[in-house]
Amino acid sequence: MAPPSEVRVRFAPSPTGSLHIGGVRTALFNWLYARRSGGTFVLRIEDTDQERSTEESTRGIFEALRWLGLDWDEGPDKGGPYGPYTQTERLALYRQYADRLVEEGKAYRCYATKEELDKLRRLAEAKKQQFVYPHLWRDKTPADWPEGKPYVIRFKTPLTGETTFHDEVFGDITTPNDSPSIQDFILLRSDGIPLYNFGAVIDDVMMKITLVARGRDHIGNTTPQVLLYRALGAPLPKFAHLPMMLAPDGKKLSKREGRKYNIPITVTDFVDDLGTLAGYRELGYSPDALLNYLARFGWSHGDQEVFSRRELVEFFDLVGLNKSDGKFDAKKCLAVNHDHLKSEALTPTDDQQGQPHYPGGERRGYLTHLRPHLEARGLSPTRFDGLEGREEHRRLLRAGLATVRERARTFAEAAQMLDYYLREEPEFDDKARALLKPEAAPLLRAFRGVAAGVEPFAAKPLEEATNAWLAAEGKNIKDVAQPARAALTGRVASPPLFDVMAALGRERALARLDAGAALAAGAGAGAGG
RNA sequence: GUCCCCGUCGUCUAGUGGCCCAGGACGCUGCUCUCUCACAGCAGAAACGCGGGUUCAAAUCCCGCCGGGGACGCCA
């Protein structure tokens, strides 16, 4: 049993789709709080909305959290002392507590049907009045209960007074008990499935949660929940409501808004009839960078912008949380990612500071994250199909990566930039092809000749030899650089020419210049297509 | 409509009565570097929503207004 002082927090998503970026932020703050304090991070699946919950979504949430490196100590797949951790497996528990509250006169059976209430709701709406739940069944006794009819269990909200709770970020929040928004709220639906406010409270009580940190949109749920804790005689956890992350127009950051503003909104690709909405993982974001951006949204630690995973755990505290909602800035998120990619260790063992290691001793580095993006382009990171083999491939990958690192803002971009290093022949784009005109052929051949004589085949000597040749010929580097770049990379933009050549190596670079020259020479003649 | 909450550059934020004619970051503009694309460096434009108080002194405290958001379901 956990000592009462131990910190226990939870992340309780509904498995109704791909893990949302806002959910990640909530999970992150909870995770940080737990890790910071040496507490326990519980993952609970709230699948009581049977219409929308799917098994697949649950698996997706696991997968996304694992990719993010947000590990949980107790959860549906791991178990723990207060399981089960999936709400639909706890139905008997909720029933038990609900019945107990009814027996104690703190809740009651309500036989009013949904249709009946909807009618009243519409009537109130028509009169432009606030719908107030009529206490139809509040004061009835078991003797009044109709036989065999479906009923819900409602909470007996106090009719007078007010309820105050302390929020770690917003301070004291007081709501009048007669506020229509909390009137005799439903605990258990007629099918026996608990509603959010009830299920969450029962679970949080039973799982001994000490801090509930969630989105600010839940602030209004807190008052009825506090009332429930009291009715149950359970100790109140701390509450911390996080300011919300909104779309650029201040609307809720929905998938719709994500599409509208081209903002990735889920961790992994999300597919529906409207097509694919790319996820952060597939777009080539670093989990650490994403977490960094998300952490800094609504939270700050002085002027520091870039945090490693370790620093986040070290510095996080509730005091740094802000109150006001914010708007998601995709450009800044990308910039933070770029920052992380520039400094991320190539392999875990290369990291002198021993920093971004993941939970559970998992080791990841730049290469680990890059790999799937290379594979997505048909480039294996460990094999070089039909070519010299593994060693040469590894050399090219490393050498190429060195030229590309500071440029790539995402792992996907890095893979894209690495493409011509890892293919036997570069794939030419239209602009590059256009540079390989017949006039360029002699120039490329001459340049090839110069390069062939350079020893060692490194950037500096290559540049010096080239400059000497250009000076003797009365030519400018600009005359040769673009055609050569096109021949070597198949593109019109790349890292500096001599760096590219050195990374490719003598043999490969010379071969590409030859091929480029041949292509250029033939470009005028075969003008058919 | 009712209840609750929020309000510093375009965006994320620092700021807890004097250090602020408001600092950092992203973005933006210009310059430097330059074989292309980037990176980097330098410079610049850019905010305390408005009006009243309190105080020797207010971005910071109080009140009002305005603006924004959330909740008000047998959704979570």
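Because the structure is a prediction, the values reported are computed rather than measured. So that the names make sense, note that chain A is the first sequence line, chain B the second, and so on, each numbered from 1.
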Donor-acceptor contacts, no H, no angles, side chain residues 109-116 of chain A, under 3.5 Å, sequence neighbours left out:
residue  : atom : partner  : partner atom : Å
A:Arg109 : NH1  : A:Tyr111 : OH           : 3.3
A:Arg109 : NH2  : A:Tyr151 : OH           : 3.4
A:Thr113 : OG1  : A:Glu116 : N            : 3.1
A:Glu116 : OE1  : A:Thr113 : N            : 3.4

Please table the atom pairs, donor to acceptor, closer than 3.5 Å between any side-chain atom in residues 329-336 of chain A and protein atoms at least two apart or in another chain.
residue  : atom : partner  : partner atom : Å
A:Asp329 : OD1  : A:Lys331 : N            : 3.1
A:Asp329 : OD1  : A:Lys332 : N            : 3.3
A:Lys332 : NZ   : A:Glu305 : OE1          : 3.2

Name the atoms and distances for all side-chain donor-acceptor pairs under 3.5 Å in residues 462-476 of chain A, with sequence neighbours left out.
residue  : atom : partner  : partner atom : Å
A:Thr466 : OG1  : A:Leu462 : O            : 2.6
A:Asn467 : ND2  : A:Glu463 : O            : 3.4
A:Asn476 : OD1  : A:Lys478 : N            : 2.8

Side-chain donor/acceptor pairs under 3.5 Å, residues 19-26 of chain A, sequence neighbours excluded:
residue : atom : partner  : partner atom : Å
A:His20 : ND1  : A:Gly22  : N            : 2.8
A:His20 : NE2  : A:Leu253 : O            : 2.6
A:Arg25 : NH1  : A:Phe297 : O            : 2.6
A:Arg25 : NH2  : A:Pro243 : O            : 2.0
A:Thr26 : OG1  : A:Gly22  : O            : 3.2

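The pair A:Asp419-A:Arg423 meets the salt-bridge criterion, with a side-chain N (NZ, NE, NH1 or NH2) lying under 4.0 Å from an Asp/Glu carboxylate O. A salt bridge links A:Asp184 to A:Arg138: at least one charged side-chain nitrogen sits closer than 4.0 Å to a carboxylate oxygen. We find that A:Arg90 and A:Asp47 are not joined by a salt bridge, their nearest charged nitrogen and carboxylate oxygen being 4.0 Å or further apart. Between A:Asp429 and A:Lys431 there is no salt bridge, since none of the side-chain N atoms of the basic residue sits less than 4.0 Å from a carboxylate O of the acidic one.
Considering only residues two or more places apart in sequence or on other chains, A:Arg445 meets the salt bridge (charged side-chain N to carboxylate O under 4.0 Å, His left out) condition with none of them. With sequence neighbours excluded, the residues satisfying salt bridge (charged side-chain N to carboxylate O under 4.0 Å, His left out) with A:Asp204 are A:Arg10, A:Arg44. Legend: residues meeting side chain to side chain donor-acceptor pair (under 3.5 Å) with A:Ser18, ordered by chain and number and at least two apart, are A:Thr268.
Within a heavy-atom distance below 4.0 Å of RNA chain B, the residues of residues 237-253 of chain A found are A:Met244, A:Gly250, A:Lys252. Near RNA chain B, defined here as any heavy-atom distance below 4.0 Å, the residues from residues 402-414 of chain A are A:Glu406, A:Arg407, listed numerically. Within residues 463-472 of chain A, no residue has any heavy atom closer than 4.0 Å to RNA chain B.
Straight-line distance between the C1' atoms of B:rC63 and B:rC56: roughly 23 Å, to the nearest whole Å. For the P atoms, the distance linking B:rA38 with B:rU29 amounts to 12 Å, nearest Å. Rounded to whole Å, the separation between the C1' atoms of B:rG70 and B:rC75 comes to 16 Å.
A donor and an acceptor atom, one from each side chain of A:Glu162 and A:Asn177, are nowhere located under 3.5 Å apart. Between the side chains of A:His340 and A:Ser308, no donor-acceptor pair is found at a separation under 3.5 Å. For the residue pair A:Gln416/A:His373, the side-chain donor-acceptor check at 3.5 Å is not satisfied.
The backbone N or O of A:Val492 lies less than 3.5 Å from a partner atom in the side chain of A:Gln482, making a donor-acceptor pair.
Separating the CG atom of A:Asp217 from the P atom of B:rG73 is a distance of 16 Å, rounded to the nearest angstrom. When the P atom of B:rC12 is taken as reference, atom CG of A:Leu321 falls 16 Å away, rounded to whole Å. One atom, CD of A:Gln304, and another, C1' of B:rC12, lie 15 Å apart when rounded to the nearest Å. Note: CG (A:Asp204) to C1' (B:rA76) measures 13 Å, nearest angstrom. Protein atom CZ of A:Phe307 is 12 Å distant from nucleotide atom C1' of B:rC12, rounded to whole Å. Counting to the nearest Å, the P atom of B:rC72 and the CD atom of A:Gln225 are 12 Å from each other.
Remark: A:Thr223 is not in phosphate contact with B:rC3, judged by side-chain N or O atoms under 4.0 Å from OP1 or OP2. Phosphate contact (OP1/OP2 of B:rC74, side-chain N/O of A:Arg121, threshold under 4.0 Å): present. The phosphate of B:rC35 (OP1 or OP2) has no side-chain N or O of A:Lys478 nearer than 4.0 angstrom.
Note on A:Pro13: nothing from the nucleic acid sits closer than 4.0 angstrom, heavy atoms only. Looking at heavy-atom distances under 4.0 Å, A:His20 makes no contact with the nucleic acid at all. Residue contacts for A:Ala112: at a heavy-atom cut-off of 4.0 Å it reaches a base atom on one of the strands shown. Using a 4.0 Å heavy-atom criterion, one finds that A:Leu497 contacts the bases of the nucleic acid, with or without backbone contacts as well.
Nearest nucleotide to the A:Pro496 side chain, out of B:rC6, B:rU11, B:rU36: B:rU36. The side chain of A:Pro180 sits closest to B:rU2 out of B:rC75, B:rC4, B:rU2. Counting only heavy atoms from C-beta on, A:Ser179 has its side chain closest to B:rC3 among B:rC3, B:rC35, B:rA76. Considering only side-chain atoms of A:Asp49, the nucleotide from B:rA76, B:rC4, B:rC6 that sits closest is B:rA76. Listed candidates were B:rC3, B:rC35, B:rC75. Nearest to the side chain of A:Gln482 is B:rC35. With B:rA76, B:rC37, B:rU13 as the candidates, the nucleotide lying closest to the side chain of A:Phe297 is B:rU13.
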Checklist outcome for this item: Protein-proximity profile, nucleotides 14-33 of chain B, B/S/- by nucleotide at the 4.0 Å heavy-atom cutoff, equals S--------BBBBS------
Using a cut-off of under 3.5 Å, enumerate the N/O to N/O pairs linking the protein to nucleotides 60-67 of chain B.
none

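Comparing A:Asn221 and A:Gly298 against RNA chain B, the residue whose closest nucleotide sits nearer the 5' end is A:Gly298.
Residues A:Phe155 and A:Tyr108 keep their aromatic ring centres 6.0 Å or farther apart.
Counting atom types as modelled, A:Ser181 pairs no side-chain N or O with a base atom of B:rC3 as donor and acceptor under 3.5 Å.
A:Glu257 has its side chain out of reach of A:Lys252: every pair of non-hydrogen atoms, C-beta onward, lies at least 4.5 Å apart.
Closest approach of A:Ala486 and A:Ala432 over heavy atoms only: CB-O, 3.6 Å.
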